[in-house]
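Lettering follows sequence order; numbering is per chain, from 1. Since the structure is predicted, the reported quantities are computational estimates derived from the model, not experimental observations.
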Amino acid sequence: MRIVTWNVNSVRARLPRLLEFLERVKPDVVCLQETKCLDEVFPLEPIEDAGYSCAVHGQKTYNGVAILAKGRIEDVVRGMDDGVEDHEARVISAQVGDTMIVNAYVVNGQAVGADRYHYKLAWLLRLRDFAARRCPLDEKGVVCGDFNVTFDDRDVYDPALWHEKILCSTPERRALGGLTGLGLKDAFRKFHEEGGHYTWWDFRTKGYQRKAGLRIDHLLLTPPAFDALASCTIDLAAREGAGPSDHAPVVAEI
DNA sequence: ATGGTGGATTTTCCA
């Protein structure tokens with residue numbers, strides 16, 4: 001199964017690029033984040049015409065997640081189903097074939113110490129608990145998405161500049177470590193121990209042109225999925241040229 | 001270095 005996570009920064013603005021990507025990469029499953037639209041204006045028809053079923057969980061203007069799959073999408077859950085009042089559309093999960101897929105758009109957090117930062121840390125604890133309930137470790141499972149957290153300084157183009165800043169602070173990394181602590185493993189690191197590989201580059205500082213990025217989009221795998229994992233790459237072609245998202249897709253073969 | 005760009009919906013929020 002070829003599975004992708006991609007923060008598209010508006011599915012409607014990125015539709016031509018998404019369709020090009022589906023044609024070129026031919027993934028079996030695509031987890032989108034920041035779709036930024038209500039479900040009734042999600043561009044279902046062109047995506048279905050490309051051969052994909054869709055499970056969507058969106059809201060107006062902000063956030064929004066979706067799972068696209070060539071196969072049947074079953075047992076869809078929107079949100080984390082934990083009784084916490086939450087009006088932000090950031091999680092959708094579903095079974096595709098033999099694999100449980102949890103797609104998350106983690107809170108950005110704005111800045112270390114901000115209200116949204118504390119909300120982010122609490123939200124990541126909820127995600128850990130949800131992932132633990134949703135992905136039994138003895139079955140194939142993928143928890144993927146835009147985590148808005150780097151694992152360590154190898155994921156940072158300028159560790160001194162980003163030291164203890166948002167996306168790189170120790171509490172955020174510990175919260176991300178809560179997920180790997182369950183027994184989930186970082187797919188990309190299976191094949192790339194070295195640093196210098198990124199998935200997001202800031203529009204504002206022309207980060208991509210400067211090769212100044214962070215690796216914040218991840219696929220975390222249960223042991224059976226990790227054992228089956230044959231490759232994991234960042235599709236830089238999707239970040240090239242005119243009108244890209246600020247994130248590149250991450251592609252894994254399980 | 002505290003700006004900058006990009007998207008959605010507006011004259012501002014969020015990233």
**Request:** Under 4.0 Å between any heavy atoms, over every strand shown, what does A/Y105 touch: base, sugar-phosphate, or nothing? Just pick one.
**Result:** sugar-phosphate
**Message:** Nearest whole Å is fine: how far is B/dA15 P from A/H247 NE2?
**Reply:** 11 Å
**Prompt:** What's the CD-P distance between A/Q33 and B/dA15, to the nearest Å?
**Reply:** 14 Å
**Prompt:** Atom CG of A/D158 to atom C1' of B/dA1: distance rounded to whole Å?
**Reply:** 12 Å
**Message:** Taking only the P atom of each, what is the distance from B/dT12 to B/dG4 in whole angstrom?
**Reply:** 16 Å
**Asked** Between A/L161 and A/D146, who's closer to the 5' end of DNA chain B by nearest nucleotide?
**Response** A/L161
**Prompt:** How many Å lie between CD1 on A/I166 and P on B/dC14, as a whole number?
**Reply:** 14 Å
**Message:** Each nucleotide in nucleotides 2-12 of chain B should get exactly one letter: B, S or -. Can you fill that in based on protein heavy atoms under 4.0 Å?
**Reply:** --BBSSSS---
**Request:** Take atom C1' in B/dT9 and the same atom in B/dA15, then report the distance between them in whole Å.
**Result:** 15 Å
**Asked** Are A/F188 and A/H218 near enough that their ring centres are under 6.0 Å apart?
**Response** no
**Asked** Roughly, in whole Å, what's the span from CZ in A/R116 to C1' in B/dC13?
**Response** 12 Å
**Asked** Atom CD of A/Q59 and atom C1' of B/dC14: how far apart are they, to the nearest Å?
**Response** 12 Å
**Message:** Closer than 4.0 angstrom, basic N to acidic O: yes or no for A/E88 and A/R116?
**Reply:** yes
**Item:** A/R215 and its side chain to side chain donor-acceptor pair (under 3.5 Å) partner, picked from A/D186, A/D152, A/T199
**Value:** A/D186
**Prompt:** Does the pair A/D86/A/R126 count as a salt bridge with the N-to-O cut at 4.0 Å?
**Reply:** yes
**Item:** Flag side-chain contact, heavy atom, 4.5 Å: A/N108 against A/L167
**Value:** yes
**Message:** Take a 6.0 Å sphere around CG of A/D115 and say whether it holds more than 12 heavy atoms from other residues, nucleotides or ligands.
**Reply:** no
**Message:** Rounded to whole Å, how long is the line connecting atom CG of A/D217 with atom P of B/dA15?
**Reply:** 15 Å
**Message:** What's the gap between B/dG3 and B/dG7 when it is taken at their P atoms, as a whole Å value?
**Reply:** 23 Å
**Prompt:** Can we say A/E194 and A/R154 salt-bridge, meaning some charged N sits less than 4.0 Å from an Asp/Glu carboxylate O?
**Reply:** no
